[in-house]
Amino acid sequence: MNLRLINSRGSAPCIPCVTKTLVHQTDLWPRHISAAVRASATAAEMVVAGPEQPGGKMVVELVGAFNELTERMDNTVLSTSSSRLLFKSLKLCIPILQSLPLAPDGRAPLSRALSVAVILADLQMDAEVISTGLLREVLEAGAISIYDVRDRIGTSTSHLLHESLRVKHMSLKVEVLDDDSATALRKFCLTYYDVRALVLDLAIKLDMMRHLDYLPRYRQQMIGLEVMKLHAPLAHAIGTNLLSLELEDLSFRYLFPYSYLYLDAWLRSHESGNKPLIDVCKEQLLQSLKSDPLLTEIVSKISVEGRYKSRYSTMKKLLRDGRKLEEVNDILGLRVILTPLSGVDESEMGEKACYRAREVVQSLWEEIPSRSKDYILRPKANGYKSLHMAVDTGENGRTRPLMEIQIRTAEMDILASGGAASHALYKGGVTDPEEAKHLKAIMMAAAELAALRLQDFPSANHKGLETDKRGRVFRLLDKNGDGKISIDELMEVMEDLGAPGDDAREMMQLLDSNSDGFLSSDEFDLFQNQVEFIRNLEDRDDHYQTLLNEKLQIGNETGLIPLYSTQQGDSLVTN
């Protein structure tokens with residue numbers, strides 16, 4: 001059983017209509033999810049009426065998608081020229097994708113394209129890569145050609161799009177994807193393909209792996225095996241660890257569903273209330289460090305990062321070492337990063353802060369001495385410095401996995417990250433040091449060239465350099481820069497989206513609260529707030545739908561019945 005709801009990002013009804021449809025289906029949902037869906041419907045009815053004409057709805061989608069992507073991008077990759085490129089690409093893609101039929105996985109093409117774009121934005125890729133990710137969906141549907149992209153978007157974007165299509169078919173270069181051929185193919189990709197095209201292909205693979213449930217089991221396993229052998233190690237090699245870890249876990253899930261479910265259920269059994277255990281420990285440690293008077297006297301900044309060891313990495317360690325689950329020491333991990341106060345000897349002050357932070361950790365949890373390593377006193381051969389320790393976080397007789405904690409200064413962290421590229425290439429199958437150095441230089445050169453092509457030169461007109469990302473859409477629509485959007489400027493956008501001028505007049509009448517014939521920045525900002533509210537409702541509805549589908553999917557595959565626990569919020573547990 002697979003319940004599906006098409007949201008307004010495809011060819012679908014408006015959000016109030018969607019949520020009303022959901023309300024009629026709430027008998028199928030667990031009680032607390034049903035209540036949340038009803039609350040969404042009530043909230044949607046309170047939103048000021050949105051545009052009814054197709055052009056107005058496309059503007060809503062344009063503004064919402066642009067804001068969602070730019071808010072995820074760092075200012076270092078989001079220049080004025082980058083904003084224009086992304087906005088232009090969205091204007092080209094949205095009307096075409098909304099007119100296409102549903103994809104085989106049941107999603108609207110626009111939803112698929114935006115999912116890939118969000119992954120790329122989270123990776124801090126530049127606007128050209130994100131635009132190419134959007135255009136790839138349109139191109140593969142046969143709606144436009146690479147020559148159309150060249151003429152309407154730009155030559156460099158069309159080149160990157162062509163390169164991404166070359167990468168798409170890289171697995172066809174070998175007849176049998178065994179270990180040797182996979183290693184050779186990864187080296188070939190790193191040498192001859194634009195690294196940005198590789199990242200784009202990996203983002204598309206990740207989005208695909210998140211939505212494989214519609215395929216028969218044998219197809220899921222074939223795709224999972226290819227991703228495990230080729231794409232996950234390739235993601236390691238180019239340093240995108242967030243991609244590689246999730247690709248490995250999803251492949252593991254489809255290749256060995258019973259083992260995956262066993263590990264997942266064990267990890268979830270250690271959650272505390274409705275918060276993951278790692279978040280609870282992270283907050284506890286951060287609060288203790290910030291409240292320590294000796295530490296705060298010598299540091300200006302304290303940060304704590306947390307992570308779960310991936311399911312796949314955990315299973316590899318169990319099989320390789322023959323350990324039991326409770327004997328794996330680094331399933332949970334925290335990293336403490338300290339910035340010492342500026343002074344005469346920051347290095348000495350930083351080391352002193354690290355040792356003090358270790359004492360704070362020892363006061364919170366029981367340390368496992370055999371697992372402690374002092375790489376500050378005895379650095380590694382490559383200069384790596386850090387304090388490593390393992391602690392027992394169990395309490396009130398309840399056993400929990402041991403947690404690994406690393407403590408270092410900001411300078412030590414930068415040095416450790418600097419060595420990450422070589423480690424990543426090694427994980428990707430490049431073991432020769434000179435070859436790794438050469439490939440790293442190629443990747444860095446490609447990235448620097450892309451950044452140079454999209455960067456802005458300083459301007460004396462600071463009006464165009466505002467840091468408010470929400471104001472970017474207004475400035476892009478305000479073509480003459482007079483601080484307001486006229487009906488002619490709104491009609492121009494509608495024409496770019498393929499909508500008639502009447503749609504622009506309907507939208508102007510709806511948003512122009514003072515009836516002066518123009519949209520001020522305040523009036524447009526109110527419109528953006530409504531767009532954001534509607535998209536949040538969509539995301540919430542999608543979240544609850546995904547939870548139900550996961551519950552039904554696991555039940556179908558394993559015969560185990562997942563239950564929703566009020567103590568664990570929306571987490572899935574198994575009995």
Side-chain angles (χ1 to χ4, degrees), residues 8-11 50-70 78-100 108-111 113-114 117 127-128 130-139 141-158 161 454 464 470-482 484-512 517-519 521 523-524 527-528 531 535:
S8 63
R9 297 172 194 177
S11 52
E52 293 296 328
Q53 299 302 321
K57 290 181 179 179
M58 282 191 283
V59 172
V60 169
E61 189 59 57
L62 172 65
V63 172
F66 181 85
N67 283 338
E68 181 176 3
L69 293 174
T70 54
L78 188 60
S79 62
T80 303
S81 56
S82 297
S83 299
R84 292 197 188 103
L85 174 61
L86 185 58
F87 197 68
K88 188 162 54 173
S89 300
L90 283 167
K91 284 194 296 183
L92 174 60
C93 293
I94 286 174
I96 297 175
L97 292 174
Q98 284 191 338
S99 66
L100 296 176
L110 180 58
S111 178
L114 289 177
E128 193 166 81
I130 298 173
S131 297
T132 305
L134 293 165
L135 293 162
R136 170 90 170 255
E137 186 80 21
V138 182
L139 183 71
I144 60 172
S145 68
I146 287 185
Y147 300 106
D148 295 327
V149 174
R150 181 195 62 189
D151 296 338
R152 300 179 63 175
I153 304 298
T155 303
S156 58
T157 304
S158 65
L161 186 58
L454 288 171
R470 289 286 295 274
R472 289 182 184 271
V473 184
F474 182 82
R475 292 193 294 274
L476 288 167
L477 294 175
D478 178 21
K479 294 291 184 68
N480 59 12
D482 62 355
K484 53 190 176 183
I485 300 173
S486 66
I487 184 64
D488 291 336
E489 290 167 331
L490 197 56
M491 288 178 69
E492 184 178 341
V493 176
M494 291 289 187
E495 290 173 2
D496 290 339
L497 293 169
D502 288 342
D503 290 8
R505 282 184 279 272
E506 183 245 11
M507 189 170 185
M508 177 64 78
Q509 184 178 8
L510 186 67
L511 303 181
D512 182 15
F518 297 92
L519 292 182
S521 59
E523 288 169 333
F524 194 77
F527 167 64
Q528 290 193 90
V531 171
R535 290 177 74 87

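Paired with Ile146 under the rule side-chain contact (heavy atoms from CB on, under 4.5 Å), one option of Leu135, Leu139, Thr157, Asp151 passes, and it is Leu139.
In this structure a side-chain-to-backbone donor-acceptor pair under 3.5 Å is present from Glu489 to Asn480.
Residues Ser82 and Ala127 share a closest heavy-atom pair of O-CB, 3.4 Å. The heavy-atom pair separating Ala113 from Leu97 by the smallest distance is CB-CD1, 3.7 Å. Between Gly517 and Met508, the shortest heavy-atom distance links the atoms O-CE, 3.8 Å. Nearest heavy atoms, Pro109 versus Glu137: O-CG, 3.8 Å. Taking every heavy atom of both residues into account, Ile485 and Leu490 meet most closely at CG2-N, 4.3 Å.
Contact annotation: the side chain of Leu110 approaches that of Gln98 to within less than 4.5 Å [non-hydrogen atoms, C-beta and beyond].
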Exercise for the section: Assess whether side-chain contact (heavy atoms from CB on, under 4.5 Å) is satisfied between Glu128 and Ser156, documenting all intermediate values. Expected result: CA-CA 8 Å; Glu128 193 166 81; Ser156 58; 2.5 Å; yes

Practice task
Before giving the answer on side-chain contact (heavy atoms from CB on, under 4.5 Å), spell out for Val138 and Leu92 the whole-Å C-alpha distance, their side-chain angles and the decisive distance to 0.1 Å.
Solution key: CA-CA 9 Å; Val138 182; Leu92 174 60; 6.0 Å; no

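For the atom pair Arg84 CZ and Arg475 CZ, the distance stands at 10.0 Å (nearest 0.5 Å). To the nearest 0.5 angstrom, Lys484 atom NZ is 12.0 Å from Ser521 atom OG. The line from CG of Asp496 to CD1 of Ile94 is 11.5 Å long, rounded to the nearest 0.5 Å. A distance of 8.0 Å separates CG in Leu85 from OG in Ser81, rounded to the nearest 0.5 Å. Summarising the geometry, atom NZ belonging to Lys88 is positioned 5.5 Å from atom CD1 belonging to Ile153; distances are rounded to the nearest 0.5 Å. Here CG of Asp478 is found 10.5 Å from CZ of Phe518. Values are rounded to the nearest 0.5 Å.
Relative ring orientation between Phe87 and Phe66 is described as perpendicular, the plane-to-plane angle rising above 60° on a 0-90° scale split at 30° and 60°.
Checking Thr155 against Arg150 by side-chain atom types alone, no donor-acceptor pair falls below 3.5 Å.
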